[in-house]
Amino acid sequence: MFRETYKCIESALQEITGIKDVGLIEGGEHADFASTVAFSIGRENKTSPVPIATDIADKLSKLEILKAIKIETKGPYINFIAGEEYLKEALVCACQEGYGNLEKRGIRVVLEHTSANPNGPLHVGHIRNTIIGDTLARAFRKAGFQLEVQYYVNNIGRQIAIVVWGLDNLDLIQNESEKSDHFIARVYIEANKKINNDNTITGQIDHLMQKVEAIEPETTKKFFYAVGICLSGFETTLLELNAKHDRFVSESDFIRNGDTDRLIGKLKRLPECHIEDRMYLDLSNEGFLKEYVIVRSDGTTVYAARDLAYHIWKGRNFDRVIDVLGADHKLIGGQLIATLKLIGERTPEIVHFEFVSLPEGSMSTRQGKFISADELILETRKRAREEVRTRRPELSTEEQERIAQSVALAAIRYDIVKVSPEKNTVFNWEEALNFERQSGPYIQYAFARASSILEKAGDFSPLYQVKDQSEIAVVKQIAKFPYIIERTIIELRPHLIASYARELADLFNSFYHDLPVLKAAEEEKRSRLTIVKATAQTLKETLSVMGIDALKTM
RNA sequence: GGGCCUGUGGCUUAGUCUGGACAGAGCGCCGGGCUUCUAACCCGGACGUCGAGGGUUCAAAUCCCUCCAGGCCCGCCA
């Protein structure tokens, strides 16, 4: 309702004033919407904005389509207060299954996220990518887009060559209890130590890369083996994080199918292309002073070449291409886009997120300085298990475990998604293991409380009526949900969902505390049950967009 | 040295793109609330030079400039 009403008021204001930007904002405590358009008209005419506001408000009040909205002025502000109709309609919408779904749009979107190098387990930095990406993916599906989520597997890069060298030369064996991606990290870390002490190894690594690029069968097999076992570890972690990729795309495919060669042929015809020993593009006209190297002097391609080929393929098969990448990829992301423009291909929209560091400094797989996602999951589950055991001792161990796992997932995903992507963060165990306010479990808890009331109430016939202050506050928040979905996919900022969900849970908890539902008189009982149902439904949808389980009991 | 991002009460953070009505939350602190639909909860209180300084504007946390601090990038790595 919020979304529709906003658009309705906006166009009415545009019609009356003839101004495109009518300064329609959220009204805060004064109103539901407010317009500051009188200020700009007043400035234009060099007259007081107050009578202008009054005049516009008069004209608006006469409009049939704004009948349900109370319009008043407070000085130069034109305030809009949603009436009973608005609240009722919001309730009706929210009680339906799939509330917040936007209209289907037949637009195919490919969204790439995580895409970590398979040289060690996913750590708490990587999963910021995963969680931002997966939440965006869920929001896009909810907003009616056809979506495919991809993981781009860097399976022939230098890091993998180092792992392959390590597997061949270091006599390391995977321990029985060791997850395969953790084993690969051990090999990678050891190999790097050896490389630091012996500079002949670099030549051997180069040689491996030449062989894999020439698709030499034995070497290729070794690369694929190393990548395969690491990836199988990732898949377990991703599953536990409730993040799903529709397709894993390997960069080696773009060598094998000739796309990279074709791309290089095309780039060679650009005036920006220079072939000396290496082949590179001079993108200085686009504002990039660095050489954008495509082919090394030994004839092998660098990552950029395969990535360009991958993006051309994505651009030709989808209407929109979205990448979630760490802030360290900003420069190469810019170079990639500039190059795709030069050759007339579709460019990706890149969502960058800033780094997660540890209190002692930045993370590094190579140096073994990281907190793995697996460790985080393990610890959070442990903590959640303790919590469930004390709160719900009467439940079976299986039931407790099921709840604990969901609570742990909620805590992890929410802790990460709630912070805006452009913020640097320092990983904090205390915050991650917090299940209280402003946490995922807090929102789950609000849903569980609502579910418990509905469960006890049994069948009831809904009554769409909103009277008390705390009822109005909840329903107004419910009304905003589709608008939040829309903003999330326009701004590509999934933390908006997180803030929204928390506010909804806050308002519901106040309502829950203020007003009895089951013990209310007949009519109020029905209307409050309707509000509880609408809230539960909306909370369930927000949780689902965040990839968090909606638990009916916890 | 250059580029990008960040700087909001003791700590974490929303709001900044799209300027607007007293800067919202949470943790922590102080004080209340479980014979009442799950207290992973609710209510109240104290705590803010919105990094600093200039500028634009009727109006600046928000736009512009300078400076300071932190992160990231500036590989024939990815």
Side-chain angles (χ1 to χ4, degrees), chain A residues 21 23-25 27-31 34-36 39-40 42-43 48-49 74-77 79 115-117 119 154 157-162 206 251 277-280 287-291 293-298 300-304 306-307 326-332 334 352-355 357 362 384 387-388 391-392 407 411 418-426 428 430-431 434-446 448-457 491 493 495-496 498-499 502-503 505-506 509-510 512-520 528-529 532 553-554:
Chain A
D21 179 14
L24 192 59
I25 55 175
E29 68 206 76
H30 306 274
S35 170
T36 58
F39 283 108
S40 36
R43 171 154 179 70
S48 163
K74 186 100 178 237
Y77 293 92
N79 289 335
S115 300
N117 252 321
N119 59 353
N154 308 136
R158 186 164 210 99
Q159 276 81 350
I160 308 309
I162 292 171
D206 290 343
E251 64 172 334
D277 43 353
R278 74 275 181 212
M279 171 182 147
Y280 68 92
F288 300 98
L289 300 176
K290 285 300 296 177
E291 287 182 2
V293 175
I294 307 294
V295 183
R296 297 188 184 95
S297 38
D298 70 357
T300 58
T301 56
V302 298
Y303 172 80
R306 282 103 63 178
D307 203 25
D328 54 336
H329 285 62
K330 277 187 184 172
L331 175 61
I332 56 160
H352 287 289
F353 64 93
E354 290 288 334
F355 268 46
S357 55
S362 45
E387 203 70 27
V388 178
R391 289 169 191 281
R392 304 298 302 276
V407 166
K418 73 178 179 190
V419 183
S420 23
E422 66 274 14
K423 216 100 167 180
N424 295 90
T425 61
V426 177
N428 179 335
E430 204 184 320
E431 284 276 315
N434 172 35
F435 301 156
E436 295 184 339
R437 297 190 67 166
Q438 301 205 343
S439 77
Y442 170 79
I443 297 159
Q444 286 181 307
Y445 186 68
R449 283 176 135 186
S451 300
S452 169
I453 293 177
L454 294 172
E455 170 81 25
K456 289 197 167 76
E491 298 186 24
R493 285 151 63 80
H495 79 289
L496 296 176
S499 302
R502 196 213 74 230
E503 280 164 24
D506 284 346
N509 277 327
S510 299
Y512 181 95
H513 183 263
D514 292 348
L515 304 169
V517 178
L518 297 174
K519 285 177 184 159
R528 284 179 190 162
L529 276 169
V532 173
T553 180
M554 63 185 279

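These numbers come from a predicted model, not from an experiment.
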Note to self: On the nucleotide B:rU13, are OP1 or OP2 found under 4.0 Å from the side-chain N or O atoms that A:Ser499 carries?
What the structure shows: no
Margin query: Check for me: is A:Tyr77 stacked on B:rG20 by the 5.5 Å centroid and 30° plane-angle rule?
Written below: no
Check: Just checking A:Met279: base, sugar-phosphate only, or nothing, at a heavy-atom cut-off of under 4.0 Å?
Finding: nothing
Note to self: What contact category does A:His352 fall into here, base, sugar-phosphate, or nothing, at under 4.0 angstrom with non-hydrogen atoms?
What the structure shows: nothing
Notebook entry, point to check: What integer distance in Å separates A:His513:NE2 from B:rC43:C1'?
Noted result: 7 Å
Notebook entry, point to check: Between A:Ser362 and B:rC72, is there a side-chain N or O to OP1/OP2 distance below 4.0 Å?
Noted result: yes
Check: Between B:rA78, B:rA14, B:rC41, which nucleotide gets closest to the side-chain atoms of A:Val419?
Finding: B:rA14
Notebook entry, point to check: Given B:rC76, is OP1 or OP2 found less than 4.0 Å from the side-chain N or O atoms of A:Arg158?
Noted result: no
Note to self: With the criterion set at under 5.5 Å between ring centres and under 30 degrees between planes, would B:rA21 be stacked on A:His30?
What the structure shows: yes
Check: Now, which nucleotide makes the Watson-Crick or G-U wobble pair with B:rA52, with each of the two distances under 3.5 Å?
Finding: B:rU66
Notebook entry, point to check: Looking only at atom C1', what distance separates B:rG71 and B:rC29, rounded to whole Å?
Noted result: 31 Å
Checklist line | Proximity to the side chain of A:Glu422 - top-ranked nucleotide from B:rU6, B:rC72, B:rA78 | finding: B:rU6
Checklist line | B:rU6 and B:rU62, which share atom name P, separated by this distance in whole Å | finding: 13 Å
Note to self: If you compare every side-chain N and O of A:Arg43 against the phosphate oxygens of B:rC58 (OP1, OP2), does one of them come in below 4.0 Å?
What the structure shows: yes
Notebook entry, point to check: When you check the phosphate oxygens OP1 and OP2 of B:rG15, does a side-chain N or O of A:His495 lie under 4.0 Å from one of them?
Noted result: yes
Notebook entry, point to check: If you check the A:Asn424 side chain, which of B:rA78, B:rG70, B:rA21 turns out closest?
Noted result: B:rG70
Check: In whole angstrom, what separates A:Asn428's CG from B:rG26's P?
Finding: 18 Å
Item checked: A:Lys418 side chain near B:rU12 phosphate (N/O to OP1/OP2, under 4.0 Å) -> no
Notebook entry, point to check: When we call it a touch if two heavy atoms are under 4.0 Å apart, what does A:Thr36 touch: a base, just sugar-phosphate, or nothing?
Noted result: base
Item checked: Carboxylate-amine/guanidinium proximity below 4.0 Å for A:Arg392 and A:Glu387 -> no
Check: Where the side chain of A:Val517 is concerned, which of B:rC5, B:rC37, B:rA14 is the nearest nucleotide?
Finding: B:rC37
Check: Which sits closer to the 5' end of RNA chain B, A:Phe435 or A:Ile332, going by the nucleotide each is nearest to?
Finding: A:Phe435
Check: Do the side chain of A:Ser297 and the base of B:rC76 come within less than 3.5 angstrom through a donor-acceptor pair of N or O atoms?
Finding: yes
Check: How is A:Ala34 classified with respect to the nucleic acid when contacts are heavy atoms under 4.0 Å: base, sugar-phosphate, or nothing?
Finding: base
Checklist line | Proximal nucleotide (of B:rU57, B:rC77, B:rC42) relative to the A:Asp506 side chain | finding: B:rC42
Check: Any donor-acceptor pair under 3.5 Å between the side chain of A:Gln438 and the base of B:rC27?
Finding: no
Margin query: I want to check one thing: is the phosphate of B:rA78, taken as OP1 and OP2, less than 4.0 Å away from some side-chain N or O of A:Arg306?
Written below: yes
Next item on the list: Select one nucleotide: of B:rA14, B:rA78, B:rU6, the one nearest the side-chain heavy atoms of A:Asn117.
Entry: B:rA78
Note to self: What I want to check is whether an N or O donor and acceptor connect the side chain of A:Asn79 with the base of B:rA21 at under 3.5 Å.
What the structure shows: yes
Margin query: When both hydrogen-bonding distances must be under 3.5 Å and the geometry is Watson-Crick or G-U wobble, what is B:rA23 paired with, if anything?
Written below: none
Notebook entry, point to check: Taking the P atom of each, how far is B:rG24 from B:rC50, in whole Å?
Noted result: 14 Å
Item checked: Options B:rC17, B:rA78, B:rC72, nucleotide nearest the side-chain atoms of A:Glu491 -> B:rC17
Check: Between A:Asn119 and A:Ile162, is a side-chain contact (heavy atoms from CB on, under 4.5 Å) present by the stated rule, with each step listed?
Finding: CA-CA 9 Å; A:Asn119 59 353; A:Ile162 292 171; over 6 Å; no
Margin query: Work out how far the P atom of B:rA25 is from that of B:rC63, and round it to whole angstrom.
Written below: 23 Å
Next item on the list: Sticking with atom C1', work out how far B:rA59 lies from B:rA21, rounded to a whole angstrom.
Entry: 10 Å
Next item on the list: Rounded to whole angstrom, note down the P distance from B:rG7 over to B:rU12.
Entry: 12 Å
Margin query: Please name the nucleotide paired to B:rC4 by Watson-Crick or G-U wobble geometry with both distances under 3.5 Å, or report none.
Written below: B:rG71
Item checked: Base B:rC27 paired with A:Asn434 side chain (donor-acceptor, <3.5 Å) -> no
Check: Which part of the nucleic acid does A:Leu518 contact within heavy-atom distance under 4.0 Å: base, sugar-phosphate only, or nothing?
Finding: base
Notebook entry, point to check: When rounded to the nearest Å, what value does the distance between C1' atoms of B:rG53 and B:rG3 take?
Noted result: 24 Å
Check: Once you round it to whole Å, what is the distance between P of B:rU36 and CG of A:Asp514?
Finding: 18 Å
Notebook entry, point to check: Starting at the 5' end of RNA chain B and moving along, which residue's nearest nucleotide shows up first, A:Ala448 or A:Ser35?
Noted result: A:Ser35
Checklist line | Carboxylate-amine/guanidinium proximity below 4.0 Å for A:Asp298 and A:Arg278 | finding: no
Next item on the list: Determine, for A:Arg296 against A:Asp277, whether the closest basic-nitrogen to carboxylate-oxygen distance falls under 4.0 angstrom.
Entry: no
Margin query: Students often get this wrong, so: under 4.0 angstrom with heavy atoms, is A:Leu515 touching a base, only sugar-phosphate, or nothing?
Written below: base
Item checked: Shortest side-chain distance from A:Arg296, nucleotide among B:rA78, B:rC42, B:rC5 -> B:rA78
Note to self: Categorize A:Val426 for me: base, sugar-phosphate, or nothing, with a 4.0 angstrom heavy-atom threshold over every strand shown.
What the structure shows: nothing
Check: What is the nucleic acid contact for A:Arg493, judged by heavy atoms within less than 4.0 Å: base, sugar-phosphate only, or nothing?
Finding: sugar-phosphate
Notebook entry, point to check: For the side chain of A:Glu354, counting heavy atoms from C-beta on, which of B:rG71, B:rA78, B:rA14 is nearest?
Noted result: B:rG71
Notebook entry, point to check: Does the side chain of A:Asn509 pick up a donor-acceptor pair with the side chain of A:Arg449 at under 3.5 Å?
Noted result: yes
Check: To the nearest 0.5 Å, what is the distance between CD1 (A:Ile443) and CD (A:Gln438)?
Finding: 9.0 Å
Check: How is A:Tyr512 classified with respect to the nucleic acid when contacts are heavy atoms under 4.0 Å: base, sugar-phosphate, or nothing?
Finding: base
Item checked: Phosphate contact (B:rC74 OP1 or OP2) by A:Lys330 side-chain N/O below 4.0 Å -> no
Margin query: Under a 3.5 Å cut-off for both contacts, is B:rA14 paired Watson-Crick or G-U wobble with anything, and if yes, with which nucleotide?
Written below: none
Notebook entry, point to check: Counting any heavy atom closer than 4.0 Å, what does A:Arg437 reach on the DNA or RNA strands: base, sugar-phosphate only, or nothing?
Noted result: sugar-phosphate
Checklist line | Candidate list A:Arg493, A:His352, A:His495, test side-chain hydrogen bond (donor to acceptor under 3.5 Å, both in side chains), partner A:Glu422, passing option | finding: A:Arg493
Next item on the list: Measure from the side-chain heavy atoms of A:Asp277 and tell me the nearest of B:rC76, B:rA78, B:rC42.
Entry: B:rC76
Next item on the list: Mind listing the closest non-hydrogen atom pair of A:Leu454 and A:Leu529 along with its distance?
Entry: CD2-O, 3.9 Å
Notebook entry, point to check: Taking atom types as modelled and ignoring hydrogens, do the side chains of A:Thr301 and A:Arg306 form a donor-acceptor contact shorter than 3.5 angstrom?
Noted result: yes
Next item on the list: Pick the C1' atom in B:rU49 and in B:rC58, then give their distance to the nearest Å.
Entry: 24 Å
Note to self: By the 4.0 Å heavy-atom rule, please label A:Val407 as base, sugar-phosphate, or nothing.
What the structure shows: base
